[in-house]
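Right, one structure below, let's go through it.
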Amino acid sequence: MRDAYHEELDSIGEGLVEMARLVGSAIGRATTAILDADLKLAESVIAGDEKVDDLQHDLEARAIALLARQQPVATDLRIVVTSLRMSADLERSGDLAQHVAKLARLRFPDTAVPGDLHATILEMGQLAQRLMAKAAEVVITKDVDLALQLEQDDDAMDLLHRALFQHLMDDRWQHGIETAVDVTLLGRYYERFADHAVSVAKRVVYLVTGEHADEILPVTPVEGA
C-alpha cells in the first residue's frame, strides 16, 4: 500500500512537469503567432490549453483523493498541498499563453506588435519559455539553489517590461491607442507568466525545506575565506 502511495505522489510530480513543459511550449508558440500573425499557430495554442486544464483537474482530483485516503503528515502533506498550488500556477500560465494567442487571432491578418517592438516581445517570449523550462527542472531535481536563482532570472523580465512601458510613453509613439493597449496587455501577460514560473520554483523550496523562499537568505562569503 505504501509503495502505491509513493508511486501516486511521484505521478503527481510527473504531472506537474508535463504541465510546465506544455505551458512553456505554449508561450513560445504564442509568441511566434503574435509576431508573425500566424492564425493557424494561434488557434493551436488556444485549443491546446484544454489539455493543460485537463491535467490540472486530474492532478487536483488525485491529490484530494490522497488527502482523503492517506491523511498524509509532515513532508508528504507538504508535497500534496504544494503540488495543488503549483498546478494552479501552471494552469494560470497556460491561460496567459492562450491570451497572447487570442490577441494574435483578434488582430489577424495584422500583427498586434509594431516592427520597432518585435525584438523586445521576442525576447520576452523566449525568456518566459526559459524560465518555465527552469521551473520544470526545479520540480524534477528539487534543487533549492536553482529554484532561488529563478527570482534573479526574473529581474531580466522586469527590465524588459519596464523598457516596454518607456517605449509606450515616448512622445515619438506613432502606432495609436489600440496598439498601445495591445502592447500593454502583452507586456503584462509575459510579466505574469514569468511570475508564475518563479512561484513554482518558490513552492519547491518550501516543499524541500519547509521554509518559504523569502525567508532563506543568501549566504554571505566570509571575508578572507
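Residue indices begin at 1 and follow the sequence shown.
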Chi angles and distances behind the side chain to side chain contact (heavy atoms under 4.5 Å, CB included) call for Thr120, His167: CA-CA 10 Å; Thr120 302; His167 197 98; over 6 Å; no
Minimum heavy-atom distance Ala42-Ala104, with the two atoms named: CB-CB, 4.1 Å
Single-linkage hydrophobic cluster, 4.5 Å side-chain cutoff, Leu106 and Ile46 together: no
Flag side-chain contact, heavy atom, 4.5 Å: Val52 against Asp49: yes
Leu84 side, atom CG; Ser87 side, atom OG - distance, nearest 0.5 Å: 5.5 Å
Ile177 atom CD1, neighbour heavy-atom count above 12 within 6.0 Å: no
Counterpart residues, ring pair (Phe, Tyr, Trp, His ring centres under 6.0 Å), relative to His57 (two or more places apart): none
Residues that His118 engages under side-chain contact (heavy atoms from CB on, under 4.5 Å), provided they are two or more places apart: Leu35, Thr111, Val113
Contacts of Tyr190 that satisfy ring pair (Phe, Tyr, Trp, His ring centres under 6.0 Å) - sequence neighbours left out: none
Nearest-0.5 Å distance that lies between atom CG in Leu90 and atom CZ in Arg92: 13.0 Å
Straight-line distance of Glu137 CD to Lys142 NZ, nearest 0.5 Å: 12.0 Å
Ionic contact status for Glu18 with Arg21, cut-off 4.0 Å: no
ILVMFWY cluster, Ile79 and Val138 together (side-chain gap under 4.5 Å): yes
Path from Val45 to Ile27 over hydrophobic side-chain contacts below 4.5 Å: no
Whether over 12 other heavy atoms sit under 6.0 Å from Glu123 CD: no
Side chain to side chain contact (heavy atoms under 4.5 Å, CB included) assessment of Val200 paired with Leu16: CA-CA 10 Å; Val200 168; Leu16 290 170; over 6 Å; no
Straight-line distance of Ser11 OG to Asp58 CG, nearest 0.5 Å: 8.5 Å
Criterion side-chain hydrogen bond (donor to acceptor under 3.5 Å, both in side chains) on Arg29 and Ser25, from CA distance to verdict: CA-CA 6 Å; Arg29 290 182 294 118; Ser25 172; 3.2 Å; yes
4.5 Å side-chain heavy-atom contact, Met124 and His161: yes
Minimum-distance pair of heavy atoms, taken over all atoms of Thr179 and His175: OG1-O, 3.2 Å
Atom of Val17, atom of Ala136 and distance for their closest heavy-atom approach: CG2-O, 4.2 Å
Single-linkage hydrophobic cluster, 4.5 Å side-chain cutoff, Leu185 and Leu160 together: yes
Minimal non-hydrogen separation, Ala112 against Ile34, with atom names: CB-CD1, 3.9 Å
Glu14 and Ile140, any side-chain heavy atoms less than 4.5 Å apart: no
Working for salt bridge (charged side-chain N to carboxylate O under 4.0 Å, His left out), residues Glu191 and Arg188: CA-CA 5 Å; Glu191 188 263 341; Arg188 182 62 174 162; 2.7 Å; yes
Audit row: Leu148, Lys202, side chain to side chain contact (heavy atoms under 4.5 Å, CB included) steps and yes/no: CA-CA 7 Å; Leu148 293 173; Lys202 284 183 173 182; over 6 Å; no
Exceeds 12 heavy-atom contacts within 6.0 angstrom, atom NZ of Lys51: no
ILVMFWY cluster, Leu164 and Leu131 together (side-chain gap under 4.5 Å): yes
His196 versus Ser93, closest heavy-atom pair with distance: CB-OG, 3.2 Å
Backbone of Leu146 reached by a side-chain donor or acceptor of Asp143 within 3.5 Å: yes
Donor-acceptor under 3.5 Å (Ser199 side chain, Asp195 main chain): no
Check: Leu207 main-chain N/O paired with Arg78 side-chain donor or acceptor under 3.5 Å: yes
Asp38 backbone acceptor or donor facing Asp36 side chain under 3.5 Å: no
Nearest heavy-atom neighbours spanning Asp154 and Ala194: OD1-CB, 3.2 Å
Spacing of CG belonging to Asp54 relative to CG belonging to Leu59, to within rounding of 0.5 Å: 12.5 Å
Gln149 atom CD, over 12 foreign heavy atoms within 6.0 Å: yes
Full working for side chain to side chain contact (heavy atoms under 4.5 Å, CB included) between Val80 and Leu9: CA-CA 7 Å; Val80 177; Leu9 281 178; 3.7 Å; yes
Inter-residue atom distance Thr31.OG1 - Ile121.CD1, 0.5 Å rounding: 8.0 Å
Over 12 foreign heavy atoms within 6.0 Å of CZ, Arg85: no
